[in-house]
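Report on the structure given below.
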Amino acid sequence: ELQWVVVDPAVRRLGVGLELYDLVVRQARFFEGSAKVWGVCRTTKAGVARHVVRQGGRVVGTLHRHAFGQDYVLWEHLLD
């Protein structure tokens with residue numbers, strides 16, 4: 001289980017978050033019985049949701065006033 005991944009502002013926009021996402025999907029495929037990877041990102045981080053869709057995932061919906069009273073996009077990446 002991986003929770004609350006945050007990329008250091010000093011290395012944002014260098015692909016670190018995208019690499020972490022891809023690594024998690026690859027690792028999940030390795031473990032027998034894994035059906036999906038899912039997560040949330042703040043609605044202000046639209047780039048994350050776009051990457052999920054580009055990589056074969058989908059946006060499921062929006063969680064309003066979720067953690068810390070903020071809105072989050074709920075996404076999932078089904079594993080084949």
Which pairs would a plain distance check flag for residues 15-23, meaning a side-chain donor or acceptor within less than 3.5 Å of a matching protein atom at least two apart in sequence or in another chain?
{"residue": "Y21", "atom": "OH", "partner": "H77", "partner atom": "ND1", "Å": "2.7"}
{"residue": "D22", "atom": "OD1", "partner": "H51", "partner atom": "NE2", "Å": "3.4"}
{"residue": "D22", "atom": "OD1", "partner": "Q55", "partner atom": "NE2", "Å": "3.3"}

Anything under 3.5 Å between a donor and an acceptor, one on a side chain of residues 29-42, the other on a protein residue two or more places apart or in another chain? List them.
{"residue": "S34", "atom": "OG", "partner": "A28", "partner atom": "O", "Å": "3.2"}
{"residue": "S34", "atom": "OG", "partner": "F31", "partner atom": "O", "Å": "3.2"}
{"residue": "K36", "atom": "NZ", "partner": "E76", "partner atom": "OE1", "Å": "2.7"}
{"residue": "R42", "atom": "NE", "partner": "Q70", "partner atom": "OE1", "Å": "2.7"}

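Counting heavy atoms of neighbouring residues, nucleotides and ligands inside a 6.0 Å radius, atom CZ of R54 exceeds 12 of them.
The hydrophobic cluster around V73 extends to V53, V59, counting ILVMFWY residues whose side-chain heavy atoms fall within less than 4.5 Å of a member.
Atom OG1 of residue T43 and atom NE2 of residue H66 lie 12.0 Å apart, to the nearest 0.5 angstrom.
Closest non-hydrogen pair, R12 versus V6, comes out as NH2-CG1, 4.1 Å.
Both V60 and Y72 are members of a single hydrophobic cluster when ILVMFWY side chains are connected at heavy-atom separations under 4.5 Å.
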